[in-house]
K.L.:
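This is the structure I have questions about; it appears just below.
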Amino acid sequence: MSETPEGGTPLADEYPVYLPDPVVDAAMRMIVELSAQLWVERERRMVTEQLLESRGLLSREDIESFKADPTQVAAIKAERARFLEDVFKELKRIPVGPTHSKSG
Amino acid sequence: MSKVIDSLPSLARRSDAAYLDFVEGFREFILGKGADFEDRLNQALVDEAARRGQDWQDVEHIREFVQQQPLGCLRDRLARTQQEMKWHALVRSFDEQRAKLVGELEHWASRGPGDLLLDPEFVPPSYVNVHFHLQPGGYFKDELSGFLYHWGTKVFFRGDNDADQLHARLTRFVPTPADGRVLRILDMACSVGQSTTAFRRRFPEAEVWGVDYSAPMLKVAHRRAAMLGDEVTFKQALIEHTGFADEYFDLTFAFIVFHELPLRVIEETVREAARVTRKGGVFAVYDFARTADKSPFQRYHRWFDARHNGEPYSQDFCDCDFDGLLRCYGFRVDATPLGQRAGGSGYMQNWFAIRE
């Protein structure tokens, strides 16, 4: 619980836990995050496919047979790290210990 | 695309925009009929009150009951998560283009139309040291706080205010003084100036001022107004000590600011509004509705929003006698619930007060 600068309702801690089990609480956050990541990818794929189709630039087979060069591999790995941080950052917020931390 | 939307800075990546699009939709889903948390939890509260044979008296008892329900815990988790996701995405996107965005603000700072009056000696009071709505850095600690706020409210309004429609509508509802004279208008706590420019458009001959303590907000407000061609003046000052002459304004306006002030400052701000508004002038306020008349779940949500969404002063405001305070400082009050959705159906109210 955090006090405010001048009265009012005390503020919740920075990382409150709302569900009875903090691991389930983190899992719920990750599910929402995964849903967001899934939507990001789906939106991009839809745009890409529509552009490819409308401009006649690439076929689906070109995408399937694509081989990344070292620079492209590095870029993909950097994006993967960003993805992992987005989804699994919640793991760092699970409190240590068996007690249930209530949001209050 | 309208000019208003152009005043929002671009995000660093298309994926950032898609991510925020998800958050906006998710917010709509969990706060609206999609998940239907509100109606179901409220019905559970109503049923429990009937079982106990008495209405809910204290929000603390409502809180205990809601937080014992798995659905209540889940709803709180998701409500907090969507807000955290929004800021996470926005901060990262702006960090990737920080130098460019700061340059944008500097570029527009010395350009018109309109003026930007910053006070280099200004020291923010301690009560503003809050991360309102969980915005990292609050309203003034990040040089990009104004851009963050503007994007954050875009998601908050769930797509209903992308072209400032809400500000245009709410400022249009404000009545003019009985004598029809509107030469000077003050927008108290103007943030990024959406109401300020809306008033200028409604009253193109009027001298329109926006006042706020946050320099990052005012820089974005000025950039936005200048881009739109709206000649207004933004001034850095406290709304409880604006520095204007007595009875300078015909119309004084405050949009969703009082719930972000401690009770002491609420009273000081009403006193300041009474001082700078001329006799017969209008003081128009839009803010959170009183909780006393609300459903049990809405009372719970007010508590949750205060404690878990960085709104520490909001519950005190919603519990106070704001009508009485306005009357105490010489206003005649006309208060009604706001029918249109603005951050949640029934959560807002307007006070159109006449300076006597």
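We name chains A, B, ... by the order of the sequence lines, and we start the count at 1 in each one. Predicted model only: the values in this text are computed from it and were never measured.
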K.L.:
Is chain A contacted by the side chain of Asp16(B), its backbone, both, or neither, given a heavy-atom distance below 4.5 Å?
P.N.:
side chain
K.L.:
Could you go through the side chain to side chain contact (heavy atoms under 4.5 Å, CB included) check for Met28(A) and Leu78(B) one step at a time?
P.N.:
CA-CA 8 Å; Met28(A) 186 53 63; Leu78(B) 298 179; 3.9 Å; yes
K.L.:
Considering only heavy atoms, which portion of Val47(A) lies under 4.5 Å from any heavy atom of chain B: side chain, backbone, both, or neither?
P.N.:
side chain
K.L.:
Backbone N or O of Pro10(A) within a donor-acceptor pair of the Arg307(B) side chain at under 3.5 Å?
P.N.:
yes
K.L.:
Distance from Leu134(B) atom CG to Glu14(A) atom CD, nearest 0.5 Å?
P.N.:
10.0 Å
K.L.:
Run the side chain to side chain contact (heavy atoms under 4.5 Å, CB included) check on Lys89(A) and His88(B) step by step: do they pass?
P.N.:
CA-CA 11 Å; Lys89(A) 64 181 182 298; His88(B) 169 71; 4.3 Å; yes
K.L.:
Heavy-atom distance under 4.5 Å to chain A: side chain of Asp316(B), backbone, both or neither?
P.N.:
side chain
K.L.:
Let me know if His131(B) has heavy atoms under 4.5 Å from chain A in its side chain, its backbone, both or neither.
P.N.:
neither
K.L.:
Ignoring hydrogens and angles, state whether a donor on the side chain of Glu33(A) or Tyr19(B) is under 3.5 Å from an acceptor on the partner side chain.
P.N.:
yes
K.L.:
Using non-hydrogen atoms only, which part of Phe26(B) is less than 4.5 Å away from chain A: side chain, backbone, both, or neither?
P.N.:
side chain
K.L.:
To check you understand the geometry: which heavy-atom pair defines the closest contact between Pro5(A) and Tyr313(B), and what is its length?
P.N.:
CD-OH, 3.5 Å
K.L.:
Non-hydrogen atoms of chain A under 4.5 Å away: do they reach the side chain of Ser15(B), the backbone, both or neither?
P.N.:
both
K.L.:
Is any side-chain N of the basic residue among Arg14(B) and Glu43(A) closer than 4.0 Å to the acidic one's carboxylate O?
P.N.:
yes
K.L.:
Looking only at heavy atoms, which two atoms of Thr4(A) and Pro312(B) are closest? And how far apart?
P.N.:
CG2-CB, 3.3 Å
K.L.:
Against chain A, label Arg92(B) side chain, backbone, both or neither, depending on which of its atoms sit under 4.5 Å from a heavy atom there.
P.N.:
side chain
K.L.:
Checking side-chain hydrogen bond (donor to acceptor under 3.5 Å, both in side chains) between Tyr18(A) and each of Gln67(B), His308(B), Arg77(B), which is the one that passes?
P.N.:
His308(B)
K.L.:
Indicate the atoms forming the closest heavy-atom contact of Thr9(A) with Ala306(B), along with that distance.
P.N.:
OG1-CB, 3.7 Å
K.L.:
Using heavy-atom distances under 4.5 Å, tell me whether Glu85(A) contacts chain B through its side chain, its backbone, both, or neither.
P.N.:
neither
K.L.:
Are more than 12 heavy atoms, taken from residues, nucleotides or ligands other than Arg42(A), located less than 6.0 Å from that residue's CZ atom?
P.N.:
no
K.L.:
I'd like to know whether Phe22(B) forms a side chain to side chain contact (heavy atoms under 4.5 Å, CB included) with Val32(A), so could you lay out the CA-CA distance, the side-chain angles of the two residues, the decisive distance to 0.1 Å, and finally the verdict.
P.N.:
CA-CA 10 Å; Phe22(B) 171 86; Val32(A) 179; 4.2 Å; yes
K.L.:
So which part of Arg13(B) gets closer than 4.5 Å to some heavy atom of chain A, the side chain, the backbone, both or neither?
P.N.:
side chain
K.L.:
Any salt bridge linking Asp25(A) with Arg80(B)? Criterion: basic side-chain nitrogen under 4.0 Å from a carboxylate oxygen.
P.N.:
no
K.L.:
Please check if the number of heavy atoms outside Glu53(A) that lie under 6.0 Å from its CD is greater than 12.
P.N.:
no
K.L.:
Please name the pair of heavy atoms, one in Glu6(A) and one in Arg264(B), separated by the smallest distance, quoted to 0.1 Å.
P.N.:
OE2-NE, 2.7 Å
K.L.:
Given that the side chain runs from C-beta out, which part of Glu311(B) has a heavy atom under 4.5 Å from chain A: side chain, backbone, both or neither?
P.N.:
backbone
K.L.:
Output the option from Asp21(B), Leu20(B), Val130(B) having the highest count of non-hydrogen pairs under 4.5 Å with chain A.
P.N.:
Asp21(B)
